[in-house]
Number of protein chains: 2
Amino acid sequence: MKLGNLQLRIMRSLWERGEATARQITDDLSGGVPSTLSTVQTLLRKLETKGAVRHEQRERTFYFRPLIKEQDVARSAAQDLLARVYDNSLSGLLAHLLEDETVSAEELRDIKQLIEAREREMTK
Amino acid sequence: MKLGNLQLRIMRSLWERGEATARQITDDLSGGVPSTLSTVQTLLRKLETKGAVRHEQRERTFYFRPLIKEQDVARSAAQDLLARVYDNSLSGLLAHLLEDETVSAEELRDIKQLIEAREREMTK
DNA sequence: GAATGTAATTTACCATGGTAAATGAAAAAT
DNA sequence: ATTTTTCATTTACCATGGTAAATTACATTC
């Protein structure tokens with residue numbers, strides 16, 4: 001499942017809240033680039049058509065829930081980038097990511113450990 | 001500069017060739033998902049409007065050249081993914097990338113070396 | 001009960017990426 | 001010289017993401 005920018009931010013609100021109304025999501029968005037309630041409602045419909053969310057009506061109001069997992073969306077976006085842009089060259093991608101000066105020592109330690117863990121899985 | 005899928009494939013042909021006609025690019029594309037000459041011409045125009053390519057006419061034919069660098073496009077796509085989807089968590093992204101079973105031992109070795117090199121830069 | 005507020009729904013744009021046929025003009029082949 | 005090929009250009013779609021006003025329907029408040 002491929003999502004646009006605002007779609008992703010809407011999903012993020014839903015993933016955090018578990019369930020949310022269009023109004024609540026609109027409020028969540030107001031911190032960054034704000035969108036009107038109307039826009040959020042439109043996108044929620046489109047997300048529902050795509051099968052990314054579902055809604056349940058209580059009283060007059062729609063309560064939305066995510067149907068797709070954050071991890072799955074992220075994973076497929078990462079795989080897509082790797083394939084489309086880097087021709088599946090992991091080292092090519094990582095080389096670019098490591099160029100960023102703001103990478104912390106902790107991050108480096110963490111990802112090194114990820115790789116070492118993966119190496120251990122390798123031999124099995 | 002953000003490029004669509006076909007736009008990227010067209011650029012890739014241009015990056016490899018240095019200079020190419022719409023026809024040559026169309027031929028290059030015929031290996032994967034093919035596109036008609038007409039479509040390629042249309043997209044080349046749009047790429048030119050965006051400033052991604054320029055053309056030069058010789059005889060009757062347009063010869064296109066890339067104006068943007070492959071590395072820059074890749075880099076910005078990677079940064080965009082990292083920020084938009086992973087909230088700038090490098091380890092989060094790498095964790096997903098390493099889940100792919102088809103990662104080779106060589107790739108692992110390569111990226112480990114990238115990280116170690118980056119660690120050495122760190123202390124400076 | 002009338003006014004106000006709050007929902008969903010409808011409708012209508014715009015931009016971008018992609019698709020390609022149709023047309024016209026020029027070069028190449030016959 | 002006529003036909004065929006090969007370009008560029010024009011035109012016209014479609015899908016998706018995003019934007020939002022206008023409308024309608026229902027609650028809440030005064």
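Just so we're on the same page: letters track the sequence lines, and every chain starts at 1.
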With a 4.0 Å cutoff (strictly under), does any side-chain N or O of [X] reach OP1 or OP2 of [N]?
X       : N      : result
A:Ser35 : D:dT19 : yes
A:Lys50 : D:dT16 : no
B:Thr39 : C:dG18 : no
B:Arg23 : D:dT6  : no

May I have the distance from [X] (atom [atom1]) to [N] (atom [atom2]), rounded to whole angstrom?
X       : N      : atom1 : atom2 : answer
B:Arg9  : C:dG18 : CZ    : P     : 10 Å
A:Lys2  : D:dG18 : NZ    : C1'   : 16 Å
A:Leu44 : C:dA8  : CG    : C1'   : 12 Å
B:Ile25 : C:dT19 : CD1   : P     : 15 Å
B:Leu37 : C:dG18 : CG    : P     : 17 Å
B:Leu6  : C:dT19 : CG    : C1'   : 10 Å
B:Asn5  : C:dT16 : CG    : P     : 18 Å
B:Gln24 : D:dC7  : CD    : C1'   : 14 Å

Tell me, with the steps shown, if B:Arg12 and A:Asp87 meet salt bridge (Lys or Arg N to Asp or Glu O under 4.0 Å). CA-CA 11 Å; B:Arg12 207 166 281 140; A:Asp87 196 26; over 6 Å; no
If every non-hydrogen atom of B:Leu108 is compared with every non-hydrogen atom of A:Met122, which pair is closest and at what distance?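 Scanning both residues, the minimum pair turns out to be CD1-SD, 3.9 Å.
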Heavy-atom count around B:Lys69 NZ within 6.0 Å, excluding the residue itself: above 12?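 No, because the 6.0 Å sphere around NZ of B:Lys69 holds 12 heavy atoms or fewer from other groups.
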same_hphob_cluster(A:Leu43, A:Tyr63) at 4.5 Å side-chain heavy-atom cutoff: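 In one cluster with A:Leu43: A:Tyr63, no.
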Using the rule that two of Ile, Leu, Val, Met, Phe, Trp, Tyr join whenever any of their side-chain heavy atoms come within less than 4.5 Å, decide whether B:Met1 and B:Met11 are in one cluster.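 In one cluster: yes.
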Scan residues 54-67 of chain A against DNA chain C and write down, sorted by residue number, each residue with any heavy atom closer than 4.0 Å; if none is found, say none.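 Those residues are A:Arg60, A:Thr61, A:Phe62.
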Distance-only, no hydrogens or angles: does the A:Glu107 side chain make a donor-acceptor pair with backbone N or O of A:Ser104 under 3.5 Å?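 No.
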Out of C:dA20, C:dG18, D:dA20, which has the shortest distance to the side chain of A:Thr36?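 Comparing C:dA20, C:dG18, D:dA20 against the side chain of A:Thr36, the answer is D:dA20.
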Aromatic rings B:Phe62 and B:His55: how do their planes relate, parallel, tilted or perpendicular, breaks at 30° and 60°?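 Answer is parallel, since the angle falls under 30°.
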Would you state whether a donor and an acceptor, one from the side chain of A:Thr21 and one from the base of C:dA7, lie under 3.5 Å apart?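 No such pair is found, so the answer is no.
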Side-chain-base donor-acceptor pair under 3.5 Å for B:Ser38 and C:dA21: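 Result: at least one qualifying N/O pair found.
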Check every strand shown and say whether B:Leu43 touches a base, only sugar-phosphate, or nothing at a heavy-atom separation below 4.0 Å.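 The residue B:Leu43 makes base contact.
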Residue whose closest nucleotide on DNA chain D lies nearer the 5' end, B:Gln41 versus B:Lys46: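 Nearest-nucleotide comparison on DNA chain D picks B:Gln41.
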